[in-house]
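For the numbers below, each heavy atom of this structure counts, side chains included, while hydrogens, waters and symmetry mates do not.
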Protein chains: 2
Amino acid sequence: MPAVSAEEGHTAGTGTGRRRAGRPSAAVLDKAGITTAALDLVSRKGYDGLTMAALAKQLEVAPSALYNHVASKRDVLLLVEDHLTSLVDVSAFGSKSWEDAVRTWAWSYRDVFAEHTPLIPVIAVLPVTDAPQTLAMYETVSKGFLDAGFPEERIVSAIVALESFIFGSAYDVTAPGDIFEPGSMADANPHFTAAVRSSAGPGRPADTAFGLGLEALISGLGALRGQAG
Amino acid sequence: MPAVSAEEGHTAGTGTGRRRAGRPSAAVLDKAGITTAALDLVSRKGYDGLTMAALAKQLEVAPSALYNHVASKRDVLLLVEDHLTSLVDVSAFGSKSWEDAVRTWAWSYRDVFAEHTPLIPVIAVLPVTDAPQTLAMYETVSKGFLDAGFPEERIVSAIVALESFIFGSAYDVTAPGDIFEPGSMADANPHFTAAVRSSAGPGRPADTAFGLGLEALISGLGALRGQAG
DNA sequence: ACCTGAACACCGTTCAAGT
DNA sequence: ACCTGAACACCGTTCAAGT
């Protein structure tokens with residue numbers, strides 16, 4: 001795979017005129033360029049702005065040209081997802097304690113995907129075979145669990161449980177601050193209303209809930225270390 | 001709000017001919033009928049089949065007629081979501097131990113939304129004010145936590161943490177069975193591959209992971225009971 | 001093999017006209 | 001107030017034609 005950046009792709013037709021029909025002497029598109037352009041588009045316009053037409057425009061090709069490199073829009077989302085996974089911090093596995101490594105990884109993972117929640121429905125059903133960076137992350141995490149004394153046959157379940165919590169929590173970050181404000185329904189729901197009113201603390205509510213759940217998972221799952229399956 | 005069922009709505013024009021333009025003597029649509037029709041459509045065709053055009057057809061109206069009752073398709077999804085929440089089993093709060101009540105509620109909640117994962121992105125950002133049944137569920141759960149000695153100011157965070165785990169886990173149920181099969185990448189990722197190969201157990205993998213994470217959360221969060229904030 | 005350009009079968013939503 | 005019908009501004013995707 002040649003290292004063609006979106007920038008190069010963007011300025012491939014260095015001149016002014018448009019490309020005429022027919023196969024160009026050198027391919028103007030490749031997966032790496034499509035990925036970079038998609039990421040750039042998302043950062044500027046959000047996921048609503050990520051359409052095949054807009055992506056093609058950014059790359060200065062016709063929309064149909066994209067289908068020589070990806071089979072569908074979902075394929076584009078998978079390329080983006082796999083790139084983002086490479087940004088997740090797994091460095092603490094192997095250098096810190098298991099608890100600290102899971103903490104660092106989980107917070108980083110949540111932060112990355114909180115900015116990209118529209119990918120979550122895609123990730124959840126994504127076979128890892130199609131996502132090499134994602135697979136690499138699982139490899140590092142699995143080794144960290146194994147080295148910490150985690151029973152091998154429970155590792156996948158533990159990772160899935162943590163990931164489920166992480167993805168669900170990523171949505172919370174995007175929720176409006178007053179999502180739990182009962183408004184006119186307060187009188188009919190007194191216990192919940194009191195709980196909401198008393199729950200104000202320092203920091204973002206999404207961070208408080210994530211920290212609470214993550215520490216519970218770390219201590220609960222951590223208890224499995226050194227046990228047989 | 002009159003109790004017009006979708007059935008009645010469906011057969012409102014009992015005769016054969018189509019309705020002519022102009023306001024009908026009695027309204028043929030209302031929110032309850034739209035909700036029932038949407039649920040019926042989803043159960044027959046899935047969420048891909050839930051379009052404003054298909055919904056209108058089911059109700060025997062023009063698509064634009066729907067906009068007299070909902071502001072957007074998102075509004076339709078909120079109506080569906082609030083109905084589904086009323087199906088979640090909260091009955092164990094008040095009759096069983098806190099642990100058993102959370103277990104019953106969480107499994108039921110996950111099972112309901114595993115069949116409706118396209119709603120999850122909508123739910124996560126949904127202000128409770130617009131969803132009375134959802135608010136009623138939170139009221140019951142909050143009272144259960146309070147009665148079990150949970151500190152009031154931690155209740156919302158604990159519920160959010162549990163919900164995040166539940167929503168993330170609902171996606172897992174829909175994932176293909178071989179989602180973690182490393183395929184040709186197995187050799188480059190030996191620890192993860194070994195973990196996947198050894199993880200086969202009885203029951204669905206999604207259920208194993210959900211059970212593992214839920215028990216960790218229950219014991220971790222349960223430790224907060226009787227403490228000050 | 002890998003582009004362009006035209007076309008297809010949809011979407012959600014708006015709005016004037018009608019009763 | 002609440003329906004119809006026509007229109008608008010999009011979507012993702014396919015495919016023949018071109019080099």
Practice task
For the pair A:F167 and A:Y109, evaluate ring pair (Phe, Tyr, Trp, His ring centres under 6.0 Å) and give the outcome as yes or no after the intermediate values.
Solution key: CA-CA 9 Å; A:F167 292 147; A:Y109 201 172; 5.5 Å; yes

Hits for salt bridge (Lys or Arg N to Asp or Glu O under 4.0 Å) against A:D82, two or more places apart or cross-chain, chain-then-number order -> none

Interatomic distance, CG@B:D30 vs NE2@B:H69, rounded to 0.5 Å, equals 7.5 Å

Give the ring-plane orientation class for B:Y138 versus A:F192, where under 30° counts as parallel, over 60° as perpendicular and anything between as tilted. parallel

Rounded to whole Å, CG of B:D30 lies from P of D:dA1 at a distance of 17 Å

Winner on side-chain proximity to A:R19, out of D:dC2, C:dC2, C:dT4, is C:dT4

Here DNA chain D, pairs taken as Watson-Crick or G-U under 3.5 Å and shown with ( ), [ ] when crossing and | when to another strand, reads ||.|||||...|||||.||

query: Should A:H69 be listed as having a side-chain N or O under 4.0 Å from OP1 or OP2 of C:dA1?
result: no

| message | Hydrogens and angles aside, do A:T129 and B:E181 bring a side-chain donor and acceptor to less than 3.5 Å of each other? | response | no

A:R110 and A:D207 ion-paired at < 4.0 Å:
yes

One should read off an interatomic distance between B:S164 OG and A:L214 CG, to the nearest 0.5 angstrom, of 11.5 Å

Shortest non-hydrogen pair, A:A53 vs A:P63, comes out as CA-CG, 4.2 Å

Letter by letter from the 5' end, nucleotides 8-18 of chain C scores (B base, S sugar-phosphate only, - none; protein heavy atoms under 4.0 Å) ---SSBBB--B

From the candidates C:dC2, D:dC2, D:dG5, the one with an atom nearest any side-chain atom of B:A62 is D:dG5

